[in-house]
Structure formats: structure tokens, C-alpha cells
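Counting starts at 1 for both ligands and their atoms, following the listed order. Atom set for the values below is all heavy atoms of this structure, side chains included, hydrogens, waters and symmetry mates excluded.
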Amino acid sequence: MRLRRAARVILIGAPGVGKGTQSERLLRRFPQLSAISSGDLLRHNVKHRTPLGIKVESTIKAGGLVPDDLMLRLISNELHQRGWIFPAHPEGHVMTLASSGICAAETDSSGNGGNPSSDVETAAFLSSPTHAHGINAFGPPRVNEDPSASFLLDGFPRTATQADRLDEIVPINWAVWLKTPLEVIMERINGRWVHEPSGRVYNTTFNPPRVPGRDDVTGEPLVRRADDNEEVYRKRWERFLETSEPLLEHYARKGVLWEVEGMSSDEITPKLMREFERKFIE
Ligand code: ATP
Ligand code: MG
């Protein structure tokens, strides 16, 4: 199905609510869409021991939030790399990044593989001064309104500050709030397995891989996430409660917030698809 207009969508929801699962399903159904998962990007950096990864590892393991500034640079670099935003001025740099693809996932479900580059570039990325408004020196970048520049952000923004700053880069036109009761999510966390390179998510109870412990597409081994245990999960949940209210208000004020509730991802998917089609499909 082809998109009628550019979709610039974010997924908001408690940790483990299934943002990654919904994102994967949307991508499969709408090939013009591609996605960035902030968690996957961060884990990629941790795994490859980039300076950024080393810096954020303990925060993620403890269930904390990575500082807004770092997140902003990571995501805007990625948006720029993929051609979803342009600098307003041809010589304008988005976030003064000399680096290329340093934080891109190796491969992702959209096939937009990144190429992790040198430590020198990553160091430049980390030490580059933060611009007053974080974005670029030439005013707000132009937005690519072509449907092919549609994207989905999973896990970003997560705070009101991140949302404010994202507004300066690119206007989000749909914010989806995924809701599932805490007890249900808790149970699922224990069965969650992931294919690290792609971010594909499985669950031993309701979405098992065809071969146990193996990714359906590549056959590579699945792993447990270091922060998927009850103790860390509680911290992540607390962080979510603290930060989500102002975040949701932010998008409610803009009139782009949409809520969807379900006990499982399978219950949520059809509702999400229906609404997505209503909004973006001709
Ligand atoms: P899910 O289980 O739905 O994937 P999650 O929100 O727990 O949800 P990720 O999105 O993968 O998991 O994020 C993992 C960790 O990465 C977070 O706990 C946090 O430490 C860090 N992180 C990810 N996105 C952000 C962000 N936008 N701002 C700050 N920290 C982030
Ligand atoms: Mg995720």
C-alpha cells in the first residue's frame, strides 16, 4: 500500500509494551516506511564499544535514561543520514556532525544498513559543542514532504525536552500511545528474546521464533537483553511514569496524539493499521 503523504510517526509507550513489534509490523506492511529505534541504536553502540556506547552502557544497564543532549545528536544525525531532514541552508550542518553513520544499526528491517565508522569520528561526535538550539545555525531544516521520506521513531522522544528539540528539526504528524497493563508487560519481559543486529523481537510464549533460539530471517542466535530483568524493569517503568506525562501532553497539545489499548501486540496491531491507513494511505 502506498502512502498519500509523508508519515512522521513516533511510538510512545512503557518499556516492553511492544513498540519494536508494532514498528516491525508497520514496516512490513508499508514498505515506504522505515524506522529508527533509539534503544537499538544505543545497544549497537554498546556492543561495538564506541565511545558513545561505553559512555551510556551503565545508564542503560541500570534502567536509567541517556542524557537528552546525547540522544538528540544521535537521532538527528540518523535522520539526516537517511535524508529525512535537510539543513535549511545547503552549507548548514545538522548538529555539526562530521561523522557518518556512526550510530546506525548494522542492518535494520528497512534494509538501510549503517556503517559504523572510526573512533576518531565518534569522538568528534561526542565532543562537538551543542548548539544553543541543538540543531543548526541556519534556521530550521526543510522537511522532506515526499511520502518516501516517511519514518517511524521507536523510543524517541522520551522526554518533553527531547520532544521540544525534535520539533525544531522535524514536525511529527502522528504520536501513537501504546497502552498495556503493567502486569501483562511484566510477564512478557521474561519471555523476550531479541536478534541484536536487526532488532527483531520474539517472545517464547506468544511470538516464538520458528527454530528455538534462532532468528527467523538469518538463523543467527537470539539473546536476552541485559536490562530485561525484573529489578531493572521496575526502574525503567518508574522512569517512564516520570517522563511520559509531559511527553504525552506535548503531543496532545499539538493535536496529533492517538491512544490505542490492548492486552497484547496482536490486539493492538489491527487497530493501529486501520488508523494508519485512514491517516496516510490514499
Ligand atoms: P521496549 O521494551 O518497548 O523496546 P524500552 O523503552 O525499555 O522498550 P528501549 O527503547 O530499547 O527499551 O531502550 C532501552 C534503554 O535505552 C532505555 O532504558 C534507556 O536507558 C535508553 N534509551 C532509549 N531511548 C532513549 C531516549 N529517547 N532517551 C533516553 N534514553 C533512552
Ligand atoms: Mg524498543
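Counting only non-hydrogen atoms, the option in S38, S23, G64 that gets closest to atom 24 (N) of ligand 1 is S38. Considering only non-hydrogen atoms, atom 6 (O) of ligand 1 lies nearest to R158 out of K19, R236, R158. Here atom 29 (C) of ligand 1 lies nearest to V66 when heavy atoms of V56, L70, L153, V66 are compared.
For the atom pair CD of E277 and CZ of R4, the computed distance is 11.0 Å after rounding to the nearest 0.5 Å.
Numbered from 1 in the order shown, with element, the atoms of ligand 1 that lie under 4.0 Å from a heavy atom of G16 read 1 (P), 2 (O), 3 (O), 8 (O). Set against the non-hydrogen atoms of L42, the atoms of ligand 1 under 4.0 Å away are 16 (O), 21 (C), 22 (N), 23 (C), 31 (C).
At under 3.5 Å, not a single nitrogen or oxygen of M71, backbone or side chain, sits near a nitrogen or oxygen of ligand 1. At under 3.5 Å, a nitrogen or oxygen of R192, whether backbone or side chain, sits near a nitrogen or oxygen of ligand 1. Residue Q162 has at least one nitrogen or oxygen atom sitting less than 3.5 Å from a nitrogen or oxygen atom of ligand 1, judged on distance alone. For a threshold of 3.5 Å applied to N or O pairs, the pair formed by L65 and ligand 1 contains no separation below that value.
With hydrogens and angles disregarded, a donor-acceptor distance shorter than 3.5 Å links the side chain of Q162 to the backbone of R158. Counting only distance, with no hydrogens or angles, the side chain of D216 and the backbone of R210 share a donor-acceptor pair below 3.5 Å.
Side-chain polar atoms of S148 and D146 form a donor-acceptor pair below 3.5 angstrom.
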Could you check S38 against I75 for side chain to side chain contact (heavy atoms under 4.5 Å, CB included), going step by step and ending with a plain yes or no? CA-CA 7 Å; S38 56; I75 299 292; 4.2 Å; yes

Kindly indicate, with the supporting measurements, whether the criterion side chain to side chain contact (heavy atoms under 4.5 Å, CB included) is fulfilled by F280 and L33. CA-CA 11 Å; F280 299 109; L33 211 55; over 6 Å; no

What do the steps show when you test E259 against K179 for salt bridge (Lys or Arg N to Asp or Glu O under 4.0 Å), and what is the final call? CA-CA 7 Å; E259 290 178 37; K179 294 164 76 175; 2.7 Å; yes

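Within the 4.0 Å heavy-atom cutoff, R225 counts among the residues contacting ligand 1.
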